[in-house]
2 protein chains.
Amino acid sequence: MNIGQAANASGVSAKMIRYYESIGLIPKIVRTESGYRVYGDHDVHTLRFIRRARDLGFSVEQIADLVSLWQDRERASKDVKAIALEHVGVLERKIKELQEMSSTLKHLARTCHGDGRPQCPIIEELANDDAVLASAKPDAKFGALGKP
Amino acid sequence: MNIGQAANASGVSAKMIRYYESIGLIPKIVRTESGYRVYGDHDVHTLRFIRRARDLGFSVEQIADLVSLWQDRERASKDVKAIALEHVGVLERKIKELQEMSSTLKHLARTCHGDGRPQCPIIEELANDDAVLASAKPDAKFGALGKP
DNA sequence: CTTGACCTTCCCATCATTGGAAGGATTACA
DNA sequence: TGTAATCCTTCCAATGATGGGAAGGTCAAG
């Protein structure tokens, strides 16, 4: 199986498969004489595992831990559970932070006429030096919500 | 006022003030003979506005729009409201996505013994080729939740 | 006049991912 | 068999917002 077929079968792009190999998340793969990577069902299975972990928002670092636990038949389920629960904690803090932003903004928007007049509580609040808006300050990684 | 004092007064780091200037979010500022940037109260006020918008999760691009609306006395409140509500939509979609991840993981963790035994439903689910875990796939920007 | 605290610009790193260029390999079809 | 299309390879760059740090200039207090 070439990388393109493995990408199709696993749902991980060819670009990312090469990247995962380069950072050591997956081992270096067998090549043909001409340098093409060759994948088997086992590799695709691993890639699917990785994709599902990504879909659950695990970082590559966490995924590396999960993969090695997956491949360790002697692993203790508490190690896996600890990673999962730590991630749940991160997710829930982030959810709370976004909810605070959202409710503040909804409140401001509710009090804004939204017509042609220049009076706008949203702007006024942003410009108000005494305002304490969202207590949760987003970190860099989550500040920008726009899609590329 | 030097950049360090402006940073203290506004809550925006000196690094970021220079960055905002470099991308045109704030205009080029007056310099002393020796090249030091000089800020006045008005500039600090603008920086506070920007910081509050950042704290609400607006992207720099959105902030640029908000700043120009703020400084436009003829602006229509509907323009501001539209930006705010669009942002609320983004926030809520992201919240929903994170909630789905979180509840899936909590469910899996609940069914995991978390002891020394190797049986672990979390790993088994990740490895299950038929599994449909989180329907919401995080985009690149939000996939990794780990802090740097 | 020295010391320390500030400022300047410039480059690099983050994190996961995408895009593209340049060039070689393989496949499909006439 | 020739050739065109489609793959593959590596390498480099960009994303967004921010922090870190180096090398060197400036200023204020002692």
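A, B, ... follow the sequence lines: proteins, then strands. Residue 1 opens every chain. In this text, all values refer to a predicted model and were calculated from it rather than measured experimentally. In what follows, every heavy atom counts, from backbone to side chain, and hydrogens, waters and symmetry copies are set aside.
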Would you tell me if any nitrogen or oxygen in the side chain of B:Arg37 comes within less than 4.0 Å of OP1 or OP2 on C:dT9?
yes

State whether B:Ser59 places a side-chain N or O below 4.0 Å from either non-bridging phosphate oxygen (OP1 or OP2) of D:dG16.
no

Verify the contact: side-chain N or O of B:Arg31 to OP1 or OP2 of C:dT9, cut-off strictly under 4.0 Å; return yes or no.
yes

Would you mind telling me which of A:Val12, A:Ile50, A:Val67 makes a side chain to side chain contact (heavy atoms under 4.5 Å, CB included) with A:Ile26?
A:Ile50

By nearest-heavy-atom nucleotide on DNA chain C, the more 5' of A:Tyr19 and A:Glu33 is A:Tyr19

Does A:Asp41 have more than 12 heavy atoms from other residues, nucleotides or ligands lying within 6.0 Å of its CG?
no

Any donor-acceptor N/O pair, A:Ser102 side chain to A:Leu98 backbone, under 3.5 Å:
no

When clusters are formed by joining ILVMFWY residues with side-chain heavy atoms under 4.5 Å apart, either directly or through shared neighbours, do B:Leu85 and B:Leu56 land in the same one?
no

Separation of C:dT18 C1' from A:Met16 CE (nearest whole Å)
9 Å

Linking I/L/V/M/F/W/Y whenever their side-chain heavy atoms sit closer than 4.5 Å, directly or via other members, would B:Met16 and B:Ile29 fall into one cluster?
yes

Kindly indicate whether the side chain of A:Arg54, heavy atoms from C-beta on, has any atom under 4.5 Å from the side chain of A:Ile63.
yes

Once you round it to whole Å, what is the distance between C1' of C:dG19 and CZ of A:Arg18?
13 Å

From C-beta outward on B:Asn2, which listed nucleotide comes closest to its side chain: C:dT8, D:dT10, C:dC6?
C:dC6

Looking at the side chain of A:Ile3, which of C:dT8, D:dT9, D:dC27 is the nearest nucleotide?
D:dT9

Once you round it to whole Å, what is the distance between C1' of C:dA5 and CG of B:Asn8?
13 Å

Phosphate OP1/OP2 of D:dT18: any B:Tyr20 side-chain N/O under 4.0 Å
yes

Decide if atom CD of B:Gln71 counts as having more than 12 heavy atoms of other residues, nucleotides or ligands within a radius under 6.0 Å.
yes

Quick one: B:Lys28 NZ to C:dT8 P, roughly how many Å, whole number?
14 Å

Give a yes/no answer on whether the side chain of B:Ser13 brings an N or O atom under 4.0 Å of OP1 or OP2 in D:dT18.
no

Within the structure shown, what part of the strands sits under 4.0 Å from A:Thr32 by heavy-atom distance: base, sugar-phosphate, or nothing?
nothing

Measure from the side-chain N and O atoms of B:Arg75 to the backbone N and O of B:Asp79, and report whether any donor-acceptor pair falls under 3.5 Å.
no

Without decimals, in angstroms, what is the distance between B:Glu61 CD and D:dT15 P?
12 Å

Interatomic distance where CD belongs to A:Glu21 and P belongs to C:dA16 [whole Å]
17 Å

Joint cluster assignment, A:Leu47 & A:Tyr36, ILVMFWY side-chain distance < 4.5 Å:
no

Is there a donor-acceptor contact under 3.5 Å from the side chain of A:Ser22 to the main chain of A:Tyr19?
yes

Round to a whole Å and report the spacing from CD1 of A:Ile63 to C1' of C:dC15.
12 Å

Nucleotides 20-24 of chain C: which of its N/O atoms have a protein N/O under 3.5 Å away?
residue	atom	partner	partner atom	Å
C:dG20	O6	A:Lys15	NZ	2.3
C:dG24	N2	A:Tyr36	OH	2.9

Atom CD of A:Gln5 to atom C1' of C:dT27: distance rounded to whole Å?
12 Å

Does C:dT17 have its OP1 or OP2 closer than 4.0 Å to a side-chain nitrogen or oxygen of A:Arg54?
yes

Under 3.5 Å, N/O pairs linking protein and nucleotides 28-30 of chain D:
none

